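Remember, it's a predicted structure, so these values are computed and weren't measured experimentally.
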Amino acid sequence: MNNEEFRKHAHELVDWMADYFDEVEDYPVKPDVKPGDISAQLPDEAPQKPESFEEQIEDFENKIIPGITHWQSPNFMGYFPANTSYPSVLAEMLTATLGAQCMSWLTSPAATELEEQVMEWLRKAIGLPELFTGVIQSTASTSTLCALLMARERISDFKINASGFPTDETYTVYCSSETHSSIEKDVKIAGFGRQNLRTIQVDHEHAMDPKALEESIREDLENGYKPTAVVATIGTTGSTAIDPVKEIGEICARYDIFFHIDAAYAGTALLLPEMRWMNKGIEYADSFVFNPHKWMFTNFDCSAFYVQDEALLVRTFEIMPEYLKTPEDQRVKNYRDWGIPLGRRFRALKLWFVMRSYGIEGLQEKIRQHIRLGQQLKEEIEAHDHFELLAPVPLNTICFRFHPNFIDDKKKLNELNKKLLNQIQESGKIFLTHTKLDGKYTIRIVLGNTNLKQRHVDNAWRLIQDIANKLI
Ligand SMILES: *Cc1c(COP(=O)(O)O)cnc(C)c1O
């Protein structure tokens, strides 16, 4: 491909992209394919000779698109969103074109300095105190891993970095039974050992019970363990439950335990001053993560990780081989020392484009609209004789089940709701997912897509009722 051909194809693809966004809600949101259907259409060997771009695009449309789950469809209401937006996609095109590898200041000064600046913009926009400094990581999973590694090095005075875990000490980590699965993964990777992760019980609203946390810490101390880190969640993945940050923070302060907050999804709602009650006590946190790549219209990957002790973070990760030394090292940030990978994409650009294109007010308006739609649907579900809510709805994630008043058997209700969700998925019209709360099969609907409108919510609720009614 030469420059002229690149220009031609790029223009064609931009037209394809604009058409896609225009039509995405008409696609079946979940593809109708079985495992192996897509790979069966792909050759076993890479081509020996060049193939034309036209052929590649034809295969993309005919073989790949039919196997895509359309996350950008406003009918996608499962998991949590992985939103994009026009400004974010445009920035990703530029990032791909520059292809800058932003591991240190020198390898792209503008990337480092823009990242510093947009993380400050974002910090102020979500009302985080000035105590915090931010850096973009790939995911909430890796941000939390960084937090646990910082905690590990703080309590061991950097001895674990130097010589590994001592055999005569056991370090413990605490989270709630509703915590995201990435915490367990991180605990294993960071070397704590899964058996040293304490799962604290939750209250009737699925939030961590601080009394149970303190009891568990005390018991561990009595038994000679070293309580090292607590991970609290603002907006659990199951039901967006909000752990009591202030109470947990006070406990962490009392026992000198590293305190990390995972607000991967719900952190975006902190753009709204009226939602800042969620992070009351945030000043106790040593670190905080939220994902603009979920609800804040910024393409995956973009995870905003904030820490109070910048020196601890850098000392945990710093490496200085000869070939990476630069004359400016003492005066600049080298983000390779702020996380796990050496190489880094230029991710600040898309966040900059998103924040400038929407403005804080534009972002707030969208998030408020999503929460309003969520609250409205919550009321309709609550008012329906044959449906019930299974968790509080602080934001725009509604946990519910179909519960006709003549069925009371727990197992039957679970089976009925599993069947309901399956049939909803098979319709291809909307995409929902499930969780289990108190042993109950729970259907989740998340109203946070970039282009979500009232009519999508109305259609979804009508479809859920229609399918449910046909089941009984
Ligand atoms: C989605 C989610 C995660 C994982 O996010 P990644 O960026 O995919 O690692 C972690 N915690 C919570 C609460 C989440 O909702």
Side-chain angles (χ1 to χ4, degrees), residues 13 16-42 56-86 88-89 92 138-141 180-182 237-238 240 264-265 268 291-303 350 370 373-374 377 396-399 417-436 441-453 455-457 459-464 467:
L13 286 193
W16 189 95
M17 289 154 69
D19 288 343
Y20 177 77
F21 283 129
D22 210 23
E23 296 160 3
V24 64
E25 70 179 87
D26 301 326
Y27 284 81
V29 59
K30 176 185 141 330
D32 182 18
V33 294
K34 293 184 296 304
D37 279 359
I38 308 299
S39 57
Q41 300 174 63
L42 307 173
Q56 293 167 52
I57 286 300
E58 202 180 307
D59 282 347
F60 170 73
E61 290 196 309
N62 297 330
K63 297 180 178 164
I64 302 302
I65 289 293
I68 292 290
T69 301
H70 296 282
W71 283 71
Q72 302 315 315
S73 166
N75 300 317
F76 185 97
M77 300 163 179
Y79 304 108
F80 281 138
N83 283 335
T84 70
S85 62
Y86 294 127
S88 174
V89 171
E92 284 285 59
S138 58
T139 59
S141 307
H180 190 265
S181 56
S182 58
T237 313
T240 60
Y265 176 69
T268 296
N291 285 346
H293 71 224
K294 275 185 167 161
W295 191 10
M296 217 184 100
F297 322 112
T298 307
N299 277 68
F300 188 89
D301 53 338
C302 183
S303 185
K350 58 193 169 187
H370 290 163
L373 289 171
L377 180 60
N396 55 345
T397 298
I398 305 152
C399 291
N417 279 281
K418 197 170 174 185
K419 207 161 158 194
L420 173 58
L421 182 65
N422 277 342
Q423 295 199 5
I424 290 169
Q425 298 298 48
E426 289 316 311
S427 78
K429 289 184 177 141
I430 57 173
F431 190 95
L432 306 183
T433 51
H434 82 282
T435 187
K436 269 226 168 119
Y441 192 94
T442 304
I443 301 180
R444 290 165 80 259
I445 180 164
V446 186
L447 303 177
N449 181 270
T450 308
N451 297 307
L452 185 77
K453 306 224 161 51
R455 68 184 161 86
H456 302 112
V457 184
N459 288 343
W461 177 219
R462 203 171 312 121
L463 183 80
I464 294 166
I467 295 178

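Across every non-hydrogen atom of Leu421 and Thr433, the tightest pair is CD2-C, 4.0 Å. For Val33 against Gly67, the heavy-atom pair with the smallest separation is CG1-CA, 4.4 Å. Closest approach of Thr435 and Gly238 over heavy atoms only: CG2-O, 3.9 Å. Among all heavy-atom pairs drawn from Ile398 and Gly374, the shortest one is CD1-O, 3.4 Å. Closest heavy-atom contact between Gly448 and Pro81: O-CG, 3.9 Å.
For Asp32, the CG atom counts as loosely surrounded, since its 6.0 Å shell holds 12 or fewer non-hydrogen atoms of other residues, nucleotides or ligands.
The shortest distance between side-chain heavy atoms of Asp301 and Lys350 falls below 4.5 Å. Considering only heavy atoms from C-beta on, Pro31 comes within 4.5 Å of Thr69 through its side chain. With contacts defined as side-chain heavy-atom distances shorter than 4.5 Å, the pair Ile65/Tyr27 qualifies. In this structure the side chain of Asn396 reaches within 4.5 angstrom of the side chain of Tyr265, judged on heavy atoms. By the 4.5 Å heavy-atom criterion applied to side chains, Asn451 and Val24 are not counted as neighbours. You'll find the side chain of Phe80 reaches within 4.5 Å of the side chain of Thr397, heavy atoms only. Under the 4.5 Å side-chain criterion, counting only non-hydrogen atoms from C-beta, Met77 is in contact with Leu432. For the pair Val446 and Trp295, the minimum side-chain heavy-atom distance is 4.5 Å or more.
Using cut-offs of 30° and 60° for the angle between ring planes, the Tyr79 and Phe431 rings count as tilted. Below 30°, between 30° and 60°, or above 60°: for His293 and Phe300 the angle between ring planes is between 30° and 60°, a tilted geometry.
From Asn75, atom CG reaches atom NZ of Lys30 across 14.5 Å, with rounding to the nearest 0.5 Å. Note that CG of Asn449 is 8.0 Å distant from OG1 of Thr84, once rounded to the nearest 0.5 Å. Atom OG1 of Thr237 and atom NZ of Lys294 lie 5.5 Å apart (nearest 0.5 Å). The CG atom of Asn83 sits 3.5 Å away from the OG1 atom of Thr450 when rounded to the nearest 0.5 Å. Rounding to the nearest 0.5 Å places NE2 of His434 at 10.5 Å from CD of Gln425. For the atom pair Phe60 CZ and Lys63 NZ, the distance stands at 13.5 Å (nearest 0.5 Å).
Between Glu25 and Lys453 there is no salt bridge, since no side-chain N of the basic residue sits under 4.0 Å from a carboxylate O of the acidic one.
A side-chain N or O of Asn291 and one of Ser303 form a donor-acceptor pair less than 3.5 Å apart.
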Exercise for review: Please report the C-alpha distance between Lys419 and Tyr441 in whole Å, then the side-chain angles of each, then the deciding distance to 0.1 Å, and finally whether the side-chain contact (heavy atoms from CB on, under 4.5 Å) criterion is met.
Suggested key: CA-CA 11 Å; Lys419 207 161 158 194; Tyr441 192 94; over 6 Å; no
